[in-house]
2 protein chains.
Amino acid sequence: MSPAAARPRRRADAERSIARIVSAARATLSGNPEATIDEIAKAAGVGRMTLYGHFPSRAELVEAAVVDALRDGEATLSAVDLTGDARDALARLLDSSWTLLAESTALLAAAEGTLPAGRIRDLHAGPSARVEDLIRRGQADGTFRTDLPITWLVNVVHYVVHGAADEVHAGRMNGSEVAATLVATIHSILVAPSSGRSRQRRPSNP
Amino acid sequence: MSPAAARPRRRADAERSIARIVSAARATLSGNPEATIDEIAKAAGVGRMTLYGHFPSRAELVEAAVVDALRDGEATLSAVDLTGDARDALARLLDSSWTLLAESTALLAAAEGTLPAGRIRDLHAGPSARVEDLIRRGQADGTFRTDLPITWLVNVVHYVVHGAADEVHAGRMNGSEVAATLVATIHSILVAPSSGRSRQRRPSNP
DNA sequence: AGAAGCTCGTACTTGGATGTACGAGTTAGG
DNA sequence: CCTAACTCGTACATCCAAGTACGAGCTTCT
C-alpha cells in the first residue's frame with residue numbers, strides 16, 4: 001500500500017514516453033480542450049497505440065495532465081514568498097506563475113465533461129486556496145477590499161488570468177508585457193477603493 | 001435587392017417555429033456550446049426535421065443565433081444613455097445589458113470552430129466598438145486609465161462579464177447581486193489609479 | 001545474449017452526431 | 001374548402017473519434 005509508485009518496475013523508455021505524453025497533453029489541451037488523442041500522441045512524438053498503452057482512456061490522460069500541471073503549480077506557488085505587503089506578494093505570485101495558473105485553469109475547463117464534477121472541484125481546491133489565503137490576508141490588514149464576496153474575488157482573478165493567456169494566444173498581446181498588465185489589472189480589482197469617486201470628480205459640462 | 005425580407009411569402013406557423021428555434025438555440029448554446037442539434041430542437045419544442053427544414057446546417061443555425069443575440073444586444077445598448085460621466089454611463093450599460101453581453105460572448109465562443117474566424121470578428125465588431133467608444137471617452141476626459149492598452153481594457157470587460165455569468169450559472173452567485181458586483185469590479189479596473197500606492201503604504205517591519 | 005517489456009502500424013468495432021430521403025398527417029390562407 | 005406550405009417521425013448514409021485486437025520489431029535490464 002505504498003502511496004505513490006504504483007508499479008515498482010517500469011522501464012526507462014516507458015518513463016520517458018509517459019513524461020512526453022503528459023507534457024504534450026498539457027500543452028495541447030490547454031490550447032484546445034477538444035484535442036484528439038491522436039493529436040496529442042503526434043505532439044508527443046509517439047504513436048497512438050503507445051499512448052493507449054499507458055493511458056487506457058481519454059479520461060485518465062486528462063486527469064494525469066491536470067494533476068501534473070497542478071503539481072507543478074503547487075511547487076511554483078510554494079516557492080513564492082508570500083509574506084510582506086499583500087500587494088507585493090500578489091505581484092510576485094502573478095509574475096512567477098500566471099502562465100501556470102492560466103494553464104491549470106484551461107486544463108480544468110478541458111476536464112469539464114470528461115471528469116466527474118466532484119473530482120474537478122477537489123483538484124482545483126489546492127491552488128485556489130493559496131490565492132484565497134493571500135486575499136484574505138490582504139483583507140485582514142486593510143490592503144484589499146472587503147465589499148465584494150471573497151469567492152468572487154478569487155474567481156475573478158482566475159478569469160482575468162485566463163483572459164490574459166487568451167490575449168497572448170491570439171497574438172493580441174506580447175508575452176513580455178502581460179505580467180505587468182496583469183499585475184496592474186488585478187491590483188485595481190483587489191485594492192480597496194480609495195474613498196469613493198467624488199475626490200476627483202469634475203463637472204461634465206461648463 | 002431588398003436588404004431584408006429574403007422570402008416575402010412564409011406562413012405564420014413557420015415564422016413561429018423559426019423564432020422558437022432561434023431563441024432555444026441562443027439559450028442552449030450559450031450554456032453549452034457543444035449542444036446537439038437534437039437538444040436544441042427539443043428545447044424549442046419542435047422536431048429535429050422541422051429544424052433542418054429551416055436551417056440546413058448547424059453552421060447556419062449557430063450563425064442565426066449569434067446574429068439574433070447581437071441584434072438584441074445592439075438594440076438594448078443603443079437604448080442606454082451613454083452621455084454624462086463615463087463611470088455612470090458604464091454602470092448604466094452594465095446594469096441593463098450585462099446578461100446580453102455575457103450571452104453574446106458565450107455564443108461567439110460557441111461559434112468558434114463552426115463559423116470562419118473572419119465572420120466571427122465581423123460580428124463581434126459592433127458591440128465591442130460600443131464598449132470601446134465609451135472607454136475611449138472616459139480616457140479622454142481623464143476618468144479612465146490610460147496606462148494599459150485599450151484592447152486589453154475592452155477585452156477584460158468581456159472576460160469579467162463572462163465570468164460573472166459563469167458564477168450565476170454555477171449557482172455561486174445570486175442573480176440580483178451580480179450587477180452591483182460587476183459594476184464595482186469593472187469600475188476598479190477602468191478608473192485611473194488614484195496616484196500609486198505609496199499614499200497609504202505601511203512599513204512591512206519595524 | 002535472451003526474456004520481458006515497450007513501441008507502434010494496420011485493421012476493426014462501436015457510438016454519437018450530422019445531414020438526407022421519404023412520406024403521411026396537419027395547418028394556414030386565399 | 002382546397003391547395004400549398006409546414007410539421008415531424010422513421011429510416012438510412014456518413015463521418016469522426018474512441019477504444020480494442022493483433023503482431024512484428026525494437027529497447028532495456030539482468
Side-chain angles (χ1 to χ4, degrees), chain A residues 5-25 27-66 107 109-116, chain B residues 5-25 27-66 107 109-116:
Chain A
R7 287 278 171 67
R9 305 165 189 179
R10 202 161 40 183
R11 253 173 47 182
D13 53 352
E15 212 82 58
R16 229 177 305 137
S17 289
I18 292 179
R20 299 182 72 185
I21 291 169
V22 171
S23 158
T28 308
L29 287 173
S30 64
N32 168 22
E34 304 172 36
T36 302
I37 294 278
D38 202 78
E39 286 174 312
I40 296 173
K42 275 187 174 53
V46 304
R48 197 164 68 99
M49 300 328 295
T50 302
L51 194 156
Y52 272 112
H54 297 293
F55 302 94
S57 80
R58 177 173 234 277
E60 300 201 30
L61 174 57
V62 171
E63 164 131 8
V66 172
L107 243 29
E112 205 95 17
T114 306
L115 260 47
Chain B
R7 287 280 171 66
R9 304 162 188 181
R10 200 159 43 180
R11 253 171 52 179
D13 52 353
E15 212 83 56
R16 229 178 305 135
S17 289
I18 292 179
R20 298 181 73 185
I21 291 170
V22 170
S23 158
T28 308
L29 287 173
S30 63
N32 168 21
E34 304 172 38
T36 302
I37 294 278
D38 202 78
E39 286 173 314
I40 296 173
K42 276 187 174 51
V46 304
R48 196 165 68 99
M49 301 328 295
T50 303
L51 194 157
Y52 272 111
H54 296 295
F55 302 95
S57 81
R58 177 173 233 275
E60 301 201 29
L61 175 57
V62 172
E63 163 131 9
V66 172
L107 243 30
E112 205 96 15
T114 307
L115 260 47

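Heavy-atom basis, side chains included; hydrogens, waters and symmetry copies ignored. In what follows, chains are A, B, ... by sequence order, proteins preceding strands, each numbered from 1.
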Both B:A59 and A:V46 contact DNA chain C. Which one's nearest nucleotide lies toward the 5' end? A:V46
Atom CZ of A:R11 to atom P of C:dC8: distance rounded to whole Å? 12 Å
DNA chain C: 5'-proximal contact among B:R48 and A:R16 (nearest heavy atom): A:R16
Side chain of B:S23, backbone of B:A19: donor and acceptor closer than 3.5 Å? no
Quick one: is C:dC6 close enough that its OP1 or OP2 comes under 4.0 Å of any side-chain N or O from A:T50? no
Separation of C:dC6 atom P from A:F55 atom CZ, nearest Å, is 13 Å
Rounded to whole angstrom units, what separation is found between the CG atom of B:D13 and the P atom of D:dA5? 12 Å
Whole angstrom is fine here: how far is it from CD in A:E15 over to C1' in C:dT7? 16 Å
note: B:M49, atom CE; C:dT26, atom P; distance rounded to Å ~ 19 Å
A:I37, A:T50, A:I40, A:L61 screened by side chain to side chain contact (heavy atoms under 4.5 Å, CB included) with A:F55, the one that passes: A:L61
Can you tell which of C:dG29, D:dT7, D:dA18 lies closest to the side chain of B:S17? D:dT7
Answer yes or no: side-chain N or O of B:R58 and base N or O of C:dT18 forming a donor-acceptor pair under 3.5 Å. no
Nearest heavy-atom contact between B:T36 and B:E39 is N-OE1, 2.6 Å
Phosphate oxygens OP1/OP2 of D:dA18: is one of them under 4.0 Å from a side-chain N or O of A:S57? no
Where the side chain of B:S30 meets the backbone of B:A27, is there a donor-acceptor pair that is under 3.5 Å apart? yes
From the list D:dT7, C:dT7, C:dT18, which nucleotide is the closest neighbour of the side chain of A:H54? C:dT7
Which atom of A:A65 lies closest to which atom of A:V22, heavy atoms considered: CA-CG1, 4.3 Å
In this structure, how many angstroms lie between the P atom of D:dC6 and the CZ atom of B:R10, rounded? 8 Å
Between P on D:dC8 and CG on B:L51, what's the gap in Å once rounded to a whole number? 11 Å
Which whole-number value in Å describes the distance from B:E34 CD to D:dC16 P? 17 Å
